[in-house]
There are 2 protein chains.
Amino acid sequence: MNAPVLSHSRCGDCPIRHRAVCARCNADELEELDAIKYYRTYEAGQPIIWSGDVMNFVGSVVSGIASLTQTMEDGRTQMVGLLLPSDFVGRPGREGAAYDVAATTDVVMCCFRKKPFEELMERTPHIAHRLLEMTLDELDAAREWMLVLGRKTAREKIASLLAIIARRDATLTPGGATNRMVFDLPLTREAMADYLGLTLETVSRQISALKRDGIIELEGKRHVTVPDMRRLMEEAGDDSDGGFLG
Amino acid sequence: MNAPVLSHSRCGDCPIRHRAVCARCNADELEELDAIKYYRTYEAGQPIIWSGDVMNFVGSVVSGIASLTQTMEDGRTQMVGLLLPSDFVGRPGREGAAYDVAATTDVVMCCFRKKPFEELMERTPHIAHRLLEMTLDELDAAREWMLVLGRKTAREKIASLLAIIARRDATLTPGGATNRMVFDLPLTREAMADYLGLTLETVSRQISALKRDGIIELEGKRHVTVPDMRRLMEEAGDDSDGGFLG
DNA sequence: GGTCCGGTTTGATCTGGGTCAAGGCTCAGG
DNA sequence: CCTGAGCCTTGACCCAGATCAAACCGGACC
């Protein structure tokens with residue numbers, strides 16, 4: 001598996017970065033991480049891990065989008081997290097995977113065999129510390145999402161999701177967080193429905209409604225323009241500018 | 001604040017225990033933790049922390065039940081976690097609280113001022129490691145709950161909640177996990193509704209329905225007997241015996 | 001060009017759970 | 001014993017979103 005051209009200049013720091021460059025990066029650690037890393041690519045739609053599988057690696061998303069989903073026996077599914085570039089996958093100290101992980105778009109992952117990574121973690125408390133912080137971020141995000149799932153209307157759910165994607169895009173395209181915002185939806189209507197606990201028809205209808213009401217503009221089915229983020233946030237019923245991720 | 005009589009013989013190890021006694025407890029660490037701990041009690045219904053407040057302590061629940069909730073401006077609320085005895089509160093390395101924490105029943109907490117606790121954590125990687133594991137457990141639990149909130153019917157939601165409470169009770173009353181199970185509901189109908197993303201009327205109706213169908217028996221409003229846990233689990237639509245907590 | 005196909009939109013209808021409203025228990029206090 | 005306050009239950013009705021069904025769109029492939 002030869003390393004693809006990367007948008008990051010160095011991938012070695014991915015697992016201890018997470019939505020922002022770590023301020024305390026340490027050359028020795030990166031050296032060690034570089035030594036044990038390798039790359040994997042997945043096509044859109046391809047599974048990465050099945051729930052219950054033994055996971056012998058951890059890693060982070062370099063490019064593309066992956067999703068975490070849970071499925072009931074009768075087929076109902078709920079997406080429980082979105083993995084965007086720089087997000088971490090896998091859990092040191094755990095044997096099996098807890099959810100299905102799948103590539104939503106084409107995905108490049110930077111992986112580390114679990115054993116050496118755990119050993120490195122033992123030696124370098126800084127990495128363990130970063131991992132704790134990242135996990136706390138994910139926990140906050142998951143709990144934020146519980147409010148969305150449990151108490152928001154369909155329209156608010158859609159607006160919340162759009163706000164999250166726009167927001168996340170803004171951090172990747174620095175200078176963001178202005179009122180106007182343009183981005184591509186990385187998810188199908190069905191995937192959005194799975195994320196939001198809705199049906200795809202309801203997702204479609206609510207997107208049409210937001211368009212009709214001038215909250216968003218659509219070019220094709222995926223390219224979104226938000227003329228005024230504040231209005232979108234209002235629709236989301238969400239003063240907190242909380243960023244969900246996964 | 002004098003220390004109350006505790007069900008645990010030592011409280012010092014609470015923050016690094018979590019639903020099970022830690023196998024690697026270390027006398028020195030416990031000593032250090034003992035030195036900086038103190039107790040606080042809260043009456044049922046009393047707030048413990050408001051979302052956004054500066055939190056200058058971390059701690060764990062010694063007895064009673066506390067809840068984490070999020071509230072929207074218009075008053076809709078969603079409970080995002082239940083804190084049962086031995087569960088950890090607060091996040092080292094974070095300034096403000098992310099949710100409202102309130103005592104659901106009378107609660108005794110074992111607290112540590114944050115600064116000394118963090119310093120102790122720096123020195124003893126074992127504690128940091130335990131904390132990471134606990135956080136991962138909570139993350140799994142939160143994601144499990146996302147499936148409940150997003151995809152389950154009202155009846156399944158109630159059954160899921162009862163299963164969780166029964167299950168948790170069983171771990172406290174060793175020898176559990178038999179088919180028959182008896183416990184007291186520590187939550188009002190309203191709190192259950194907030195947890196499940198339902199209204200209290202729906203909660204009441206579904207509990208009545210489960211009673212009518214012989215899945216549960218009720219004595220008064222709080223005392224529950226589950227004659228056959230397997231049937232309850234079926235109603236929860238949940239093969240996974242996953243335990244939620246908080 | 002045509003046609004196939006997956007993703008999407010839109011319409012018509014149904015229904016689970018929300019909303020509103022009226023009592024019912026149970027315990028504390030007088 | 002009565003009264004009031006909290007919870008809880010139950011009924012009647014309604015509506016947001018699910019379900020079922022049909023058609024639409026845009027790109028890939030012949």
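We name chains A, B, ... by the order of the sequence lines, and we start the count at 1 in each one.
Under the side-chain contact (heavy atoms from CB on, under 4.5 Å) criterion, B:Thr202 pairs with B:Ala154, B:Leu198, B:Thr199, B:Gln206, sequence neighbours left out. Under the side chain to side chain donor-acceptor pair (under 3.5 Å) criterion, B:Asp213 pairs with B:Arg155, sequence neighbours left out. Qualifying side chain to side chain donor-acceptor pair (under 3.5 Å) partners for B:Ser208, counting only residues two or more places apart in sequence or in other chains: none.
Counting non-hydrogen atoms of other residues, nucleotides and ligands closer than 6.0 Å to CD of B:Glu201 gives a total above 12.
The nucleotide range of DNA chain D contacted by chain A, defined by atoms under 4.0 angstrom from heavy atoms of the protein and reported 5' to 3', is D:dG17 to D:dC20.
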For nucleotides 13-29 of chain C, 5' to 3', base contacts (B), sugar-phosphate-only contacts (S) and non-contacts (-) with protein non-hydrogen atoms under 4.0 Å give ----SSBB---------

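A:Glu138 has a carboxylate O that lies under 4.0 Å from a charged side-chain N of B:Arg143, or vice versa, which qualifies the two as a salt bridge. Salt bridge absent: B:Asp137 and A:Arg91 never bring a charged side-chain N and a carboxylate O closer than 4.0 Å.
At the heavy-atom level, A:Thr188 lies under 4.0 Å from the strands shown only through sugar-phosphate atoms.
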Show me the donor-acceptor pairs within less than 3.5 Å that the side chains of residues 224-232 of chain B make with the rest of the protein, sequence neighbours left out.
from	atom 1	to	atom 2	distance (Å)
B:Asp228	OD1	B:Arg230	N	3.0
B:Asp228	OD1	B:Arg230	NE	3.4
B:Arg231	NH2	B:Gly214	O	3.2

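One side chain, B:Asp194 or B:Thr77, offers a donor N or O that lies under 3.5 Å from an acceptor on the other.
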